[in-house]
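In what follows, a single structure is set out as C-alpha cells and then discussed.
Chain A is the first sequence line, chain B the second, and so forth, proteins listed ahead of strands; every chain is numbered from 1. As a basis for the values below, the full set of heavy atoms in this structure was taken, side chains included, without hydrogen atoms, waters or symmetry mates.
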Protein chains: 2
Amino acid sequence: MATIKDIAKKAGVSITTVSRALNGYSDVNEDTRKKIVETAKILNYSPNSIARSLVMKKSKTIGLLVSGFIRENAKDNFMIEVMTGINDFASQTDYDIVLFTTNSSKQREKTYTQLCRERQVDGVIIQGIRTDDPYLEEVVEGEIPCVLVDIPRIGKHAGYVSTDNIAGAYEAGKYLTEAGHKEIAMINGHDYAFVSKERLEGFTRALLEEGIELPAQSIENGEFSEEGGEEAALRLLEKNSDLTAIFCSSDLMAIGAMNAIKSKGLRVPEDISIIGYDNILLSRYVQPSLTTIAQDTNALGYEAAKMLIAMLDQQKPPGNTIVKHELIVRNSSKKR
Amino acid sequence: MATIKDIAKKAGVSITTVSRALNGYSDVNEDTRKKIVETAKILNYSPNSIARSLVMKKSKTIGLLVSGFIRENAKDNFMIEVMTGINDFASQTDYDIVLFTTNSSKQREKTYTQLCRERQVDGVIIQGIRTDDPYLEEVVEGEIPCVLVDIPRIGKHAGYVSTDNIAGAYEAGKYLTEAGHKEIAMINGHDYAFVSKERLEGFTRALLEEGIELPAQSIENGEFSEEGGEEAALRLLEKNSDLTAIFCSSDLMAIGAMNAIKSKGLRVPEDISIIGYDNILLSRYVQPSLTTIAQDTNALGYEAAKMLIAMLDQQKPPGNTIVKHELIVRNSSKKR
DNA sequence: TTGAAAGCGCTAACAC
DNA sequence: GTGTTAGCGCTTTCAA
C-alpha cells in the first residue's frame with residue numbers, strides 16, 4: 001500500500017509537499033502538483049484515513065446507536081427508515097456511519113460514552129433507547145456531541161429530533177370525537193417511552209375538550225408489539241363491551257388490536273374504529289387498511305444527521321427539530 | 001482525554017508497561033498491574049482505537065456495502081434482515097460495522113476498493129449490487145477480503161453466501177405442476193441479478209420435467225418492484241388469458257401481480273395462483289396471504305459475517321455458504 | 001519485569 | 001514554494 005512517503009520519494013519532493021498537493025493547498029507549484037498527482041495515480045495511492053484521524057483528532061465518523069437492532073424489530077420499519085434518512089444526509093458529507101448496537105451483553109458492560117470514545121466517533125445519533133436506560137443521562141450530560149431521536153432532552157452537547165407527539169395524538173383524539181365516538185380506549189406503549197407519555201397527554205386533552213374522560217382502566221400498555229397490542233385489546237374489550245374506538249400508540253399494536261377484535265367476532269371499523277401511530281409500511285397493506293398518524297420518519301433521520309453534523313462542522317449549538325406529522329384516514333375508522 | 005502517557009506519568013512507570021498491563025500481558029508484575037489499572041480508572045481512560053489501528057494495521061471494522069440503501073427499498077425488509085444478521089454475529093466479536101452506500105453520486109466516483117482502502121476496513125460484505133456493476137469484478141479479484149450476499153462468485157479473497165435459488169424455484173415449479181397447473185407464467189426481476197438467472201433455471205427445469213414449456217413470451221421482468229410486478233402481470237394477462245398461475249421472483253412483484261389480477265376483475269387464487277419469493281414481512285399480511293419461498297435472510301447476514309471474520313481472524317480461505325430455503329404455502333395458491 | 005526508542009501514515013508549525 | 005521537524009497515541013522490538 002503506497003503512502004505519501006513513497007510518492008515523495010518517487011516524485012523527488014518532501015512528504016509535506018505531497019500532503020499539501022494532495023489536499024489541494026494553494027501554495028504548491030502547479031508543475032509540482034501535477035507531478036505528484038500523477039505519481040500518486042501510478043502508485044495507486046489511497047490516503048489512510050486512520051492516520052489522518054489520529055493527527056487531526058477527528059475521525060469523521062458518526063456513531064449510530066440503535067437499541068434493539070434485532071430481528072423482531074425489523075417488522076417495524078421505523079428504524080430502517082430513520083437510518084436511511086441519516087444516510088441520505090451523511091452521504092452528502094464526508095462523514096461515515098458506524099453502527100453500534102446495545103443488545104449484546106458484551107457492550108452492555110460498557111457505557112455508551114465509553115463505546116463512543118473508544119471508537120473515536122465525532123458524534124452520535126441515538127435511537128430507540130428507553131427513558132429508564134441507565135446510560136441516557138450520561139450521554140445527555142456528556143461531552144460527546146449527540147442527537148437523540150424521539151427523546152426530548154437537551155444538554156450542552158445534546159439535541160434532539162422528534163415529531164410533535166402531543167399534537168399528533170391530539171388530532172387522533174379530535175378525529176374520533178368529531179366522528180361521534182364516546183366510548184374510547186387507548187393502547188399505549190410502555191411507561192419508559194417519551195412518546196407514550198406525550199401521546200397519552202395529547203389524546204387525553206382532545207377527549208377532555210369534548211367532555212370525555214379517559215379513566216386509567218381504559219388505558220392498557222401493549223409494549224409496542226403486535227402481540228402486546230392484541231392482548232391489551234382483549235383486556236380492554238373485557239372491561240368495556242361498549243367500546244367503539246381504540247387509539248393505539250403504534251401501528252403494530254393497532255394491527256394486534258384488530259386481530260383481537262376480529263377474534264371476538266367484532267368488525268373493524270363497523271363495530272370498533274382503530275387508529276394507529278407511525279404509518280409503518282404494513283399499515284397500508286393490512287385489511288382494513290389502518291387510519292394512522294404518519295410521521296416523516298425519513299426526515300427524522302435526515303434532520304438528526306443534519307443537526308449533528310452542523311454541531312460538528314460549524315459548532316452550531318444543539319437544538320431541537322420538530323418534524324411534521326399528519327393524520328391519514330384509511331379504512332379502519334368510521335363515523336358513529 | 002487521558003492517554004497511556006498520562007497513566008504512565010501518574011503511576012510512575014513507562015508507557016510500555018502501561019500498554020502491556022492494560023492489554024493483559026503476563027510479564028507484568030501483579031502489583032504494577034494493579035496500580036496501572038487503578039490509575040487508568042481514576043483518569044477515566046479509554047483506549048484510542050484509532051492509534052491502535054494505525055500501528056496494528058488493522059481497523060477491526062468491516063464495511064457493509066449496500067447498494068440502494070434508500071427509502072424506496074425499505075419496503076423490502078430483506079436488506080434490513082441481512083443487516084441484523086450481520087450485526088448479530090459481529091456484535092459477538094470485536095469488529096464494528098461501517099455503513100457504506102453507493103447511491104450517492106459522490107461515492108460513485110470512487111470504486112468500492114478505493115472506498116474500502118480509504119476507510120481502512122479489514123473486510124467488506126457486499127449486498128444488493130448488480131452483476132453488471134462495473135466495480136464488482138474489481139472487488140472479487142481484489143485484495144480486500146470480501147463476502148458477497150447472493151452473488152455466487154469466488155475469488156482469492158472473495159466468498160459468498162446465498163440460498164439455493166435453483167432448488168427454491170424448482171420447488172415452486174414442482175408445487176404448481178403437482179397442483180395441476182399447466183398455463184404458467186413467470187415474472188422475473190431483471191437480467192442483471194444472479195438470483196433471477198437461477199430462479200429462471202430452476203423453475204424452467206421443474207416445468208420441463210412435467211413436459212411444460214416456458215416460452216420467452218411467458219416471462220416478463222418486473223425489476224423487483226411492486227409497480228414493475230403489476231405491469232409485468234398486466235402484460236402477461238394480455239398475452240395469455242388462459243393463465244392459471246404466475247411465479248414471481250420476489251414477493252414485492254407478487255404483490256404487484258395480485259393487484260393487477262384484481263384490477264382485471266380476476267381472483268387470487270380462484271382464477272390465478274400466485275407464488276412469490278423471499279417471504280418478506282408483507283407476504284403474511286397481504287390479502288390473500290402469499291405462498292412463497294422463504295429464505296432465512298437473517299442467517300444470510302449472520303453467515304456472511306461469520307465467513308468474513310473467519311477469513312480475517314483465522315486466515316480461513318473464502319468459500320460459499322448455502323442457507324436453507326423453504327416453500328411456505330399460504331392462501332394465494334390452490335389446486336386446479 | 002521493565003524501559004528506551006523506533007515507527008505506523010499523516011498534518012502542521014516553522015524556517016528557509 | 002518547499003523542506004525539516006515534531007508529534008498524534010499506540011505497539012513492539014531490543015536491551016537492560
Mind calculating the distance between CG (Leu43(A)) and C1' (dG9(C)) to the nearest angstrom? 15 Å

Can Arg33(B) and Glu30(B) be counted as an ion pair, charged N to O under 4.0 angstrom? yes

Between the side chain of Thr321(B) and the main-chain N/O of Glu303(B), is any donor-acceptor distance below 3.5 Å? no

Closest nucleotide of DNA chain D for Gly12(A) versus for Leu54(B): which of these residues is on the 5' side? Gly12(A)

Any idea which of dT2(C), dC10(D), dC10(C) is nearest the Ala51(B) side chain? dC10(D)

Between the side chains of Asn298(A) and Thr84(A), does any donor sit under 3.5 Å from an acceptor? yes

Take atom CE of Met56(B) and atom C1' of dG7(C), then tell me their distance rounded to the nearest Å. 15 Å

Heavy atoms under 4.0 Å, any strand shown: does Ser53(B) hit a base, just sugar-phosphate, or nothing? nothing

I want to verify a distance call: between dT1(C), dG3(C), dG9(C), whose nearest atom is closest to the Arg20(B) side chain? dG3(C)

In this structure, how many angstroms lie between the P atom of dC8(C) and the NZ atom of Lys5(A), rounded? 5 Å

Between dC10(D), dT2(D), dC10(C), spot the one nearest the side chain of Ile15(B), thanks. dC10(D)

Establish, with yes or no, whether the OP1 or OP2 oxygen of dT1(C) is under 4.0 angstrom from a side-chain nitrogen or oxygen of Thr32(B). no

Round to the nearest Å and state the distance from Glu118(B) atom CD to dC10(C) atom C1'. 14 Å

Taking only side-chain N and O atoms of Tyr25(A), does any of them lie within less than 4.0 angstrom of OP1 or OP2 on dA12(C)? yes

Heavy atoms from C-beta onward define the side chain here; which of dT11(C), dC8(C), dG3(C) lies closest to that of Lys57(B)? dC8(C)

OP1 or OP2 of dA4(C) sitting under 4.0 Å from any side-chain N/O of Ser14(B)? no

Rounded to whole Å, NZ of Lys35(A) lies from C1' of dT2(D) at a distance of 13 Å

Tyr45(B)-Asp6(B) side chain donor-acceptor pair, cut-off 3.5 Å: no

Which nucleotide in the set dT2(C), dG9(C), dT2(D) lies at the smallest distance from any side-chain heavy atom of Asp27(B)? dT2(C)

Is any side-chain heavy atom of Leu148(B) closer than 4.5 Å to a side-chain heavy atom of Val140(B)? yes

Mind checking whether Tyr112(B) and Ile129(B) have side chains closer than 4.5 Å, heavy atoms only? yes

I'd like to know if Thr16(B) reaches the base of dA4(C) with its side chain such that a donor and an acceptor end up less than 3.5 angstrom apart. yes

Quickly work out the Leu22(A) CG to dA12(C) P distance and round it to whole Å. 14 Å

Here's a test of your reading of the structure: between Asn23(A) and Val55(B), which maps to the more 5' nucleotide of DNA chain C? Val55(B)

Starting from P on dT11(C), measure out to CD1 on Ile7(A) and report it in whole angstrom. 11 Å

How many whole angstroms separate atom CD1 of Ile4(A) from atom P of dC10(C)? 5 Å

With the side chain defined as heavy atoms from C-beta on, Arg52(B) is closest, among dT11(D), dG3(D), dG3(C), to dT11(D)

Is any side-chain nitrogen or oxygen of Thr17(B) closer than 4.0 Å to OP1 or OP2 of dT2(C)? no

